[in-house]
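In what follows, every chain begins at residue 1, and chains take the letters A, B, ... in the order their sequences are listed.
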Number of protein chains: 4
Amino acid sequence: MGKAGAPEKTRTRRHANRLPAEKRISDIMLAARQVFTERGYDDALISEIAERAGVVEGSIYRFFTNKRDLLVKVVESWYEEMLEEDSAQFSAVRGTWNQIRFVVLQHLYSIRREPGLSRLVFQKLRSEPTYRATRVFQLNQAYTHRIVDIVRAAVAAGELRPDVSAGLVRDLIFGGVEHRTWAFLRNEGDFDPVALADDLTNMVYRAMAIPAEDRPDRLEKAAERLEKAAERLERLVDDPAR
Amino acid sequence: MGKAGAPEKTRTRRHANRLPAEKRISDIMLAARQVFTERGYDDALISEIAERAGVVEGSIYRFFTNKRDLLVKVVESWYEEMLEEDSAQFSAVRGTWNQIRFVVLQHLYSIRREPGLSRLVFQKLRSEPTYRATRVFQLNQAYTHRIVDIVRAAVAAGELRPDVSAGLVRDLIFGGVEHRTWAFLRNEGDFDPVALADDLTNMVYRAMAIPAEDRPDRLEKAAERLEKAAERLERLVDDPAR
Amino acid sequence: MGKAGAPEKTRTRRHANRLPAEKRISDIMLAARQVFTERGYDDALISEIAERAGVVEGSIYRFFTNKRDLLVKVVESWYEEMLEEDSAQFSAVRGTWNQIRFVVLQHLYSIRREPGLSRLVFQKLRSEPTYRATRVFQLNQAYTHRIVDIVRAAVAAGELRPDVSAGLVRDLIFGGVEHRTWAFLRNEGDFDPVALADDLTNMVYRAMAIPAEDRPDRLEKAAERLEKAAERLERLVDDPAR
Amino acid sequence: MGKAGAPEKTRTRRHANRLPAEKRISDIMLAARQVFTERGYDDALISEIAERAGVVEGSIYRFFTNKRDLLVKVVESWYEEMLEEDSAQFSAVRGTWNQIRFVVLQHLYSIRREPGLSRLVFQKLRSEPTYRATRVFQLNQAYTHRIVDIVRAAVAAGELRPDVSAGLVRDLIFGGVEHRTWAFLRNEGDFDPVALADDLTNMVYRAMAIPAEDRPDRLEKAAERLEKAAERLERLVDDPAR
DNA sequence: GATGAATGAGGATTCATTCAT
DNA sequence: AATGAATGAATCCTCATTCAT
């Protein structure tokens, strides 16, 4: 009903160039990313996305179910992008502290690079009741799970307290980052990713570290080694022939 | 159907029922709180709020600039409510850990009691560019600043590390809570406020606690041992032949 | 979502005169009746209806749920109009044949007067799966049921065959009329309501009439009365004194 | 969801699978018949028809001008099918009543077999202004004209009243059947074709049968009696004294 | 002060049809 | 001949807000 309207009318059409689907899709997604970033979800117009992508509105619906789907796809690809980039570098980072700091820092960088998309994730996608069923949810899981992995490994290695909840650590980190960056996301000024990453990592690492009482203190160890060295020297001196 | 040709409403809206403005306002805010909670911002209808408040749409605009203002006012009063309630009990809580835990727990309780409003704050109000100019912002500051106060006091008292950033702690806590409760806010199941408050407080407290290494006694002991070892070495050097 | 769009924008508005709801409704229904009649359902534009009614599009939705509801309401009022008009005159018509003819003729007149609405009923409303739940259905029932009543009464009075199915008669009549008038409804030329009503009524009446074998034929009755009259006259002549 | 970023379809549409045009056409028409039947005209998608026919949308337009043309062709072939089937059996039916009943019954059967197509004819095709120019119109004429032929032959044979309008009979029958079956077409329950065919045929046949009053014998007898009565009266007048 | 009828901008979405490849 | 990507027109409906009464 109302659908067909007057379907038999003659229409003038200028057929545009026939591009490979991939190119079309990436054009649309690029344009959408821009528009969503600039305007937010509600104020983003499909017509503007279409225009910037050099496509007609209807063409968008060949590839994307609806506006929300387009947003979701854009965010998905952003996550994939981030995961890919990060994982390449991440493998080179050694040490629990360094790894945590790396993840935090990359996260801060990505927020700083894409405040618009970040806001959309924080504000729109994550609060929807269907979020958990989304691929974005899974990607975000993968994204944040790196922290969990790092923590668990360090716990297993005896570096961190055995009673540390990796999940809670993850939420502290990502929640903390988010809270720390809301002002920036509201355009209220910049932040220093490196300093923040250091502070945050220190904080969290300290919370997980094995308490001094339960492990050989470094100073103590050093003293011990020094003592032993001194002893041996003394023995040598006492009995140089030996 | 439904609307019918003629208005079958026969509304019993008290004509010119002149109530004191305060009563009017509180009726409207109560209704608005319900409707916003049940439906979220976009799906909340002014008409429904008016109906529930026993008021006409237009009357709402006598007291509130617009829909958003109404939301803001509702949230403000919620915050005031929370601050009032909490502060009464808070003064009785002794000890840094206990105080932090108290604030965290109350926060968790309030989220659990008002998931709808919480979501609106997290999702809608906080992301708006005008947020910082809002009284909600100030109230939230007051609300979260208690953590800052607690931490600073404890730092000053020498209980916590002097290099702790109280602001970062605040963001870790509130951000962490938020991340931890999103699933709940999405209606994906409940959480245990007490357990979470304990875990989170422990975590954060540990991060701020003065590390064993920095405690005077142990430092001094280690220094003593080092000095003695050094002495012995010096003796050896002075008198190699012995 | 997408609903509010940018709701806080300032809008210029010229407030139109405040008419009683009834007047508004009737204005809208009148305009709708015209537009639906002229264009059919799909090609009827709400905007055009609004314009002709001197109303803004949104106002239509104060009184009518949606476009279809508007059509339904228009048709309903048309039916009520017809039922009212007819029933006033109908009560004056005596005799089964005359009554049937009257109903048929009025029906033909109404088709001729409102071909557009007739087509909409025949084509759009009646074929919808929800039709039976509609008030239009009920009105149509009332409209066509007059035939059923007439037939049943005549059957009860012994004027028509006892085995006549009044429902089938109704369907023959209204179905027959409809088939007979489709060409007209398609704008393929006029028809003669009076002649058609007569022919159709004759046809149907004949189909229901008690067969001659089973009832005193009029000629026979006349002959009988004539015989009796002749007899009495003869007796008078034979015995004038009596 | 669903459409996904990349076309996951991997359609196995036989590329350049060059089938004889006839096969193509019949595949398309078969698919179209199904889809039109299942969904109705407006909700039938060319894309679905194409898919079911194992063809690409564009190919449909090689053989059919547009969607409506496709519907028309489908209905045409259905009519041809029906006419062919019926005429084979029809020739074996003897007697006016039996022939009418046969046509009615076959019509009822076809409605019962193809409610979807029937509805499309009743609702969509027949109401279009171009209907009369259609081949469907002609086929329908042929289809319904059998009634006209039967009636005219019976009239000519003196079996039926000479003043019967064969066209009106046709409209009563097909209109009556249609009205009687709308509930079924709306999916509101079944009907009994045989019983309905019998009732309807009886009804119509009675309407056309030569009335008893017009039979020579009874007329003559009555005339005789009248003449005799008149004679007696005349005698009285002639010889009042007697 | 209260009423509530009227405003009116605003945009996603569909799908038959075309035509370059 | 077949393909199927691209076209693009076309419209219903919502609801916060206003302001004449």
- Query: Whole Å only: how far is the CD atom of C:Glu51 from the P atom of F:dT11?
  - Reply: 14 Å
- Interatomic distance where CD1 belongs to A:Ile60 and P belongs to F:dG8 [whole Å]: 14 Å
- Task: Round to the nearest Å and state the distance from A:Glu48 atom CD to E:dA12 atom P.
- Result: 11 Å
- Would you kindly give the CG-to-P distance between C:Asp42 and E:dC15, to the nearest whole Å? 13 Å
- Go through the side-chain N and O atoms of B:Ser47 and B:Arg52 and say whether any donor and acceptor fall under 3.5 Å apart. no
- Respond yes when some side-chain nitrogen or oxygen of D:Arg24 is under 4.0 Å from OP1 or OP2 of F:dA2, and no when none is. yes
- Could you say whether B:Gly58 or A:Gly58 is positioned toward the 5' end of DNA chain F, judged by the nucleotide with the nearest heavy atom to each? A:Gly58
- Query: Contact class for A:Ala50 vs. all strands (heavy atom < 4.0 Å): base, sugar-phosphate, or nothing?
  - Reply: nothing
- Note on the structure: In whole angstroms, the gap separating P of E:dA5 from CD1 of C:Ile25 amounts to 10 Å
- Do any side-chain nitrogens or oxygens of B:Ser59 fall under 4.0 Å of OP1 or OP2 in E:dA2? no
- Item | Exercise: identify the closest heavy-atom pair between D:Arg68 and D:Tyr41 | N-OH, 3.0 Å
- Message: Checking side-chain polar atoms at under 3.5 Å, does D:Thr134 have a donor or acceptor matched by the opposite partner on D:Arg126?
- Response: no
- Note on the structure: Of the listed E:dT3, F:dC12, E:dG8, the closest approach to the C:Ile46 side chain comes from F:dC12
- What is the distance, rounded to the nearest whole Å, between atom CD1 of A:Ile49 and atom P of E:dG11? 12 Å
- Query: Among F:dG4, E:dT7, E:dG1, which nucleotide sits nearest the side chain of D:Val56?
  - Reply: F:dG4
- Query: Does any nucleotide pair with E:dG4 by Watson-Crick or G-U wobble geometry, both distances under 3.5 Å, and what is it?
  - Reply: F:dC19
- Query: Between atom CG in B:Asn66 and atom C1' in F:dC19, what is the gap in whole Å?
  - Reply: 17 Å
- Query: When the distance from NZ of A:Lys67 to P of E:dT14 is rounded to whole Å, what number comes out?
  - Reply: 14 Å
- Message: Between the base of F:dC13 and the side chain of C:Glu57, is one N or O donor paired with an acceptor at under 3.5 angstrom?
- Response: yes
- Message: With a 3.5 Å limit on both atom pairs, tell me what E:dT14 is paired to, counting Watson-Crick and G-U wobble, or say none.
- Response: F:dA9
- Determine whether the side chains of D:Gln123 and C:Ser127 contain a donor N or O and an acceptor N or O closer than 3.5 Å. yes
- Across the strands shown, which category fits C:Leu45 at heavy-atom distances under 4.0 angstrom: base, sugar-phosphate, nothing? sugar-phosphate
- Closest to the 5' end of DNA chain E, once B:Arg62 and A:Ser47 are matched to their nearest nucleotides, is B:Arg62
- Where the side chain of C:Tyr61 is concerned, which of E:dA12, F:dC12, F:dA6 is the nearest nucleotide? F:dC12
- Task: List the steps, then state whether side-chain contact (heavy atoms from CB on, under 4.5 Å) holds for B:Glu48 with B:Arg39.
- Result: CA-CA 11 Å; B:Glu48 187 176 0; B:Arg39 310 221 184 285; 2.8 Å; yes
